[in-house]
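So the structure is just underneath, and the comments pick up after that.
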Amino acid sequence: MSQDYFSLLVIYPREDNDYLNLLFMDAGMIGSEIIDPKTIEEYQKRAAEWELSNREELLRVQEKDLGQEITEGFMAQRMFFLTDKKSLAKLDRAERQVYEQYGETIQVIEEGIIDNSHWNETWRSFYKPLDVGKTIRILPAWMEEEGEGREVIKIDPGMAFGSGSHETTLVSLEFLEEMDLRNKAFLDLGTGSGILAIYAAMQGADPVEGTDIDPDAIRTAHKNAGIQDENLDIHFYVSDLLDRVEGSFDVVAANLLYPLLVRLLPDFHRILRPGAKIIFSGLLADQAEAIRSQACDLGYQVLETRIKGEWAGLVLEWKGQA
Ligand code: SAH
């Protein structure tokens with residue numbers, strides 16, 4: 001894939017990190033690199049993180065990128081967006097909204113179109129194997145390593161979300177690990193790298209489907225399934241939420257942001273079998289409560305809530321009657 005990307009390098013107050021990420025994700029951000037010595041230190045303290053394995057390399061990249069020091073309390077982030085007209089218009093709207101809200105406190109260091117070699121060169125060096133839950137090891141596809149008793153999921157995240165480095169993916173995997181997936185009809189809604197669908201298929205789920213609104217994600221997911229095991233039988237296809245989904249499922253994983261889950265819920269039961277288990281991730285902790293109560297009103301039972309960092313994951317059960 002030799003595609004151009006629009007890169008935006010900004011410095012902003014660290015406390016606004018979550019909000020700005022949500023806002024820019026909503027505006028189509030397809031990936032980012034955080035440039036923040038403090039975050040790197042915190043990542044490295046947390047063992048259960050498939051994080052930035054090479055601090056020196058990262059700091060070198062930071063200096064090169066920024067050409068200036070980051071003031072105490074601030075951090076920098078390089079964000080990547082697609083370059084088609086629609087994506088750039090969306091980004092432009094988001095930028096204006098940010099300026100209105102933040103004015104001078106957010107500083108754009110650099111913006112413009114780049115080719116994706118920058119991304120490819122730098123991010124690979126930051127990954128290392130990550131153990132998740134009791135039995136899973138996520139391994140970057142270009143590494144050769146034994147699982148040491150763990151089940152290895154090989155992932156080449158490319159530009160798609162779902163390298164395993166994000167709490168929302170980890171919570172989803174933990175929930176899946178605790179379920180019996182054998183012969184269950186499984187749907188991964190917003191599959192990104194395909195990681196959840198691939199794991200479900202490895203655990204014997206059948207049939208397995210993975211959908212995404214982004215065709216690049218679907219391509220990446222296909223590729224990852226092949227890297228894992230060419231015999232995995234997973235149907236990946238493009239769909240805006242449920243638009244093109246026709247089957248019905250015993251287990252659904254939806255690692256999606258709050259506004260999407262709100263949009264999804266009213267119509268969701270159409271694809272659920274009675275007793276279906278649903279994993280919702282991608283919620284900030286305080287949004288989980290809103291989803292919980294909306295889901296209860298619609299006839300779902302909340303089986304579990306799990307918090308990881310600022311994020312919350314839910315397991316719901318569909319009781320079977322709309
Ligand atoms: N399942 C992966 C990726 C989650 S990221 C994991 O758990 O790590 C969320 C994914 O949802 C992204 O790949 C994004 O492209 C996709 N997405 C965003 N809006 C969507 C929509 N309306 N319909 C389907 N997928 C969507």
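Here the structure is a predicted model, which means the values were calculated and not measured. Each ligand, and each atom within it, is numbered from 1 in the order the structure gives.
Within the 4.0 Å heavy-atom criterion, neither part of L257 lies near ligand 1. If you look at L196 next to ligand 1, the close heavy atoms, those under 4.0 Å, all belong to the side chain. At a heavy-atom cutoff of 4.0 Å, ligand 1 is contacted by the side chain of L256 but not by its backbone. Contacts between L260 and ligand 1, counted as non-hydrogen atom pairs separated by less than 4.0 Å, involve the side chain only.
Closest to atom 9 (C) of ligand 1 by heavy atom, among I279, L170, N255, is N255.
The shortest N or O to N or O distance between T169 and ligand 1 is under 3.5 Å. For A217, no nitrogen or oxygen atom sits less than 3.5 Å from a nitrogen or oxygen atom of ligand 1, counting backbone and side chain alike.
D240 counts as a contact of ligand 1, since one of its heavy atoms falls under 4.0 Å from the ligand. The shortest heavy-atom distance from S239 to ligand 1 is under 4.0 Å.
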Salt bridge (Lys or Arg N to Asp or Glu O under 4.0 Å) between R150 and E148, intermediate numbers included: CA-CA 6 Å; R150 285 176 172 263; E148 292 170 58; over 6 Å; no

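Shown here are the side-chain hydrogen bond (donor to acceptor under 3.5 Å, both in side chains) partners of R96, two or more places apart in sequence or in another chain: D92.
Defined by atom type and a distance below 3.5 Å, a donor-acceptor pair is missing between the side-chain atoms of S193 and N224.
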